Amino acid sequence: MIQKKVCMIGAFAVGKTSLVRRYVSGIYSQRYLSTVGVKIDRRVIATLGEEITVMLWDLAGEDEFHSLRTSYLRGAAGYVLVVDGTRPRSFDTALRLQRIAETALGDIPFVLALNKHDLAESWRLEEAAVEELRATGWHTMPCSAKTGEAVDALFADLARRMLEAEVPPRG
Ligand code: GDP
Ligand code: MG
């Protein structure tokens, strides 16, 4: 059984815990989900003819800085960088956290999750800035923990790339 650790990374209240809950349990709770310490959820996903157990690491509270700790990141095969599309500052925070994660973990797969896409009328992200990242090869995905939009898709994309990163090309 292949197991992969995935860290949820992003500013406070962008929807990291909600995305994990949606992905793992298929539910969304309006209630504020304050957890203590690290919470690890898992879901088995089939990709490229293999079954992978994705271990989702999520932090509680003022996690923006804790998420940079080596003890949190150690051993991760991928990460989800979460932005709240209604809060442009959370985009800047994500870029900063990504650089730190890359320094700690190297060039491993990650997805930039542009969450709260259900709040389209309050969307405040600059399309050009997102496009720029896509042009450099970033996988970015508008999604919503509330409606479930693209939540499975973003974890599936990550799982496939984590597996590809593990298997050396044949031939
Ligand atoms: P975390 O601090 O990053 O773990 O964020 P939470 O998952 O605790 O979510 C913070 C707040 O944003 C909560 O009030 C959630 O209900 C809300 N939230 C999370 N995801 C979404 C979403 O996709 N759409 C909307 N409208 N609200 C969301
Ligand atoms: Mg949380």
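Counting starts at 1 for both ligands and their atoms, in listed order. Since we're looking at a predicted model, the values are computed, not measured. Position 1 is the first residue of the sequence; numbering continues from there.
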query: More than 12 heavy atoms of other residues, nucleotides or ligands under 6.0 Å from CD of E102: is that the case?
result: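 Yes - once you tally the heavy atoms of other residues, nucleotides and ligands closer than 6.0 Å, there are more than 12.
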Would you say [X] has any N or O atom under 3.5 Å from an N or O of ligand 1, going by distance alone?
X: L119; value: no
X: A13; value: yes
X: S144; value: yes
X: G15; value: yes

message: To check you understand the geometry: which heavy-atom pair defines the closest contact between A11 and L97, and what is its length?
response: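 Closest heavy-atom pair between A11 and L97: N-CD1, 4.2 Å.
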query: Can you tell which of L114, D118, D84, D58 gets a heavy atom nearest to atom 25 (C) of ligand 1?
result: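 Heavy atom nearest to atom 25 (C) of ligand 1 belongs to D118.
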task: Ignoring hydrogens, just give me the one of K16, K116, M8 whose non-hydrogen atom is nearest atom 11 (C) of ligand 1.
output: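 Residue with the shortest heavy-atom distance to the ligand atom: K116.
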message: Within this structure, what is the CG-OH distance for the pair L73 and Y79, rounded to the nearest 0.5 Å?
response: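 The OH atom of Y79 is 9.0 Å from CG of L73, to the nearest 0.5 Å.
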message: One residue to check: V14. Relative to ligand 1, which of side chain, backbone, both or neither has a non-hydrogen atom less than 4.0 Å away?
response: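 Both backbone and side chain.
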- prompt: With a cut-off of 4.0 Å, which atoms of ligand 1 are near a heavy atom of K146?
  reply: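 Heavy-atom distances to K146 below 4.0 Å select 22 (C), 23 (O), 24 (N), 26 (N).
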- request: Go through ligand 1 atom by atom and flag the ones less than 4.0 Å from a non-hydrogen atom of A145.
  value: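 So the answer, numbered in order with elements, is 20 (N), 22 (C), 23 (O).
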message: With respect to the Mg ion (ligand 2), please indicate if S18 possesses an N, O or S atom at a distance under 2.8 Å.
response: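 No, since none of the N, O or S atoms of S18 sits under 2.8 Å from the Mg ion (ligand 2).
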message: F91: which residues meet the ring-ring contact (aromatic ring centres under 6.0 Å, His included) condition with it, sequence neighbours left out?
response: none
Ring geometry between Y23 and F155 (parallel below 30°, tilted from 30 to 60°, perpendicular above 60°):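 If you compare the ring of F155 with that of Y23, the planes turn out parallel.
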Sub-4.5 Å side-chain heavy-atom contact between L81 and I9: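 Yes, their side chains come closer than 4.5 Å.
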message: My understanding is that only residues two or more places apart in sequence, or in another chain, count here; which of them pass salt bridge (charged side-chain N to carboxylate O under 4.0 Å, His left out) with K5?
response: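 In terms of salt bridge (charged side-chain N to carboxylate O under 4.0 Å, His left out), with neighbours along the sequence ignored, K5 is linked to no residue.
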